[in-house]
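Convention: sequence-line order gives letters A, B, ...; per-chain numbering from 1.
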2 protein chains.
Amino acid sequence: MKKITIGEASRQSGVKVPTIRYYESIGLLAEPNRSEGNQRSYEPSDLRRLAFIRHARELGFEVDAIRALLTLQDDPNQSCASADAIAKARLVEVEQRIRSLTALKAELETMIKGCVHGRVDECRVIEVLADHGQCTHSHH
Amino acid sequence: MKKITIGEASRQSGVKVPTIRYYESIGLLAEPNRSEGNQRSYEPSDLRRLAFIRHARELGFEVDAIRALLTLQDDPNQSCASADAIAKARLVEVEQRIRSLTALKAELETMIKGCVHGRVDECRVIEVLADHGQCTHSHH
DNA sequence: CTTGCACCTCTAGCCACTAGAGGATGTAGG
DNA sequence: CCTACATCCTCTAGTGGCTAGAGGTGCAAG
């Protein structure tokens, strides 16, 4: 029965200590037992949950989506259709984001290519920013 | 001498009214003259500045970067090397973001493809989220 | 002259944390 | 046993870039 402190949990899960406390405060993570001196003491299951949360956050899921996914995970008899829907919605967001960033990249490249390091009043960067009409792509 | 109200400025620039007031409060936009009844009255140059800010925000520049760009714009004799540097830094960010989103997209697609709408305890989505080791791409 | 919209200021809220103050606890060495 | 020091505790406030709402004033049309 080794006790897992919050620092240890942080090291093992890759979630920062204040962030773990934050997740507890918003109810993503259950309140753990406390030591005699009032210090949090975690179980291995908490570490798995933290790893799950961290991974989902890295994949860009919002806290509310993660909350839904965790609820599903807690009841393995449920159909996973909701999990599937959440992931699909996220995929759509990501695809949209990639499209607009790609257009943006082209825009920035045009801007930078046009810049010949002259004075500001003939700077392509400033000029393009000042006038959306000069954009070659219509996206944003 | 037609007076440009904040609502008119908003319509013409595409920046929302409270956002215009916000930009004034953080010093991105100069305090405009006021009418007798204490209402803001803008000049055409303010509209251009607002359009510039809006466009830059759409291109994902942070307010601090925009502040720097605006300072440059205000002094057209300066070299535009700084503007160029700001745009290049932004380009690097955007490229990085596209790379990681693309990897993420692949991850989500794998997750979703594996999901056969069974019960949660055999759900690929939940499973992959619970175990980073199952990720096929190393990025996040 | 009244209706109703647009304007004003101010405060608080959003998300997901992060930073810092000020104090208690736990542990390793002497 | 004492001390030093890391780690822990709670609490409040701050981040960025707005957005929402309360409670009040200005202004133009009918």
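Between the side chain of B:Arg119 and the backbone N or O of A:Cys80 there is no donor-acceptor pair closer than 3.5 Å.
A salt bridge links B:Glu109 with B:Lys105: the closest approach of a Lys/Arg side-chain nitrogen to an acidic carboxylate oxygen falls below 4.0 angstrom. Ionic pairing of B:Glu62 and B:Arg67 is not present here: no N-O contact between side-chain nitrogen and carboxylate oxygen is shorter than 4.0 angstrom.
Between the CG atom of A:Leu29 and the C1' atom of C:dA16 there is a distance of 15 Å, rounded to whole Å. If you measure from atom CD of A:Gln39 to atom P of D:dC8, you get 7 Å, rounded to the nearest angstrom. Going from atom CZ of B:Arg54 over to atom P of D:dG17 covers 17 Å, rounded to whole Å. Atom CD1 in B:Ile20 sits about 13 Å away from atom P in C:dT9, given to the nearest Å. The distance between atom CG of B:Asn38 and atom P of C:dA6, rounded to the nearest whole Å, is 19 Å. As rounded to whole Å, 11 Å separates atom C1' of D:dT7 from atom CD1 of A:Ile6. In this structure, OH of B:Tyr22 is placed 6 Å from C1' of D:dC18, rounded to the nearest angstrom. One interatomic measurement links the two molecules: CZ of A:Arg11 to P of D:dA6, which rounds to 13 Å at whole-angstrom precision.
Between the side chains of A:Gln73 and A:Arg49, no donor-acceptor pair of N or O atoms lies under 3.5 Å.
Note on A:Ser35: every side-chain N or O is 4.0 Å or more away from OP1 and OP2 of D:dC8. Within the structure, every side-chain polar atom (N or O) of A:Arg21 is placed at least 4.0 Å from both OP1 and OP2 of D:dT12. One finds a side-chain N or O of A:Lys16 lying less than 4.0 angstrom from the OP1 or OP2 phosphate oxygen of C:dT18. For the pair A:Tyr23 and C:dC17, the criterion of a side-chain N or O lying under 4.0 Å from OP1 or OP2 is met.
Nearest-nucleotide positions on DNA chain C for A:Thr19 and A:Glu36 put A:Thr19 closer to the 5' end. Of the residues near DNA chain D, A:Glu8 and B:Val63, the one whose nearest nucleotide (by heavy atom distance) lies more toward the 5' end is A:Glu8.
Using a 4.0 Å heavy-atom distance criterion, B:Arg34 is classed as a sugar-phosphate-only contact.
In this structure, the side chains of A:Phe61 and B:Leu108 come closer than 4.5 Å at one or more pairs of heavy atoms.
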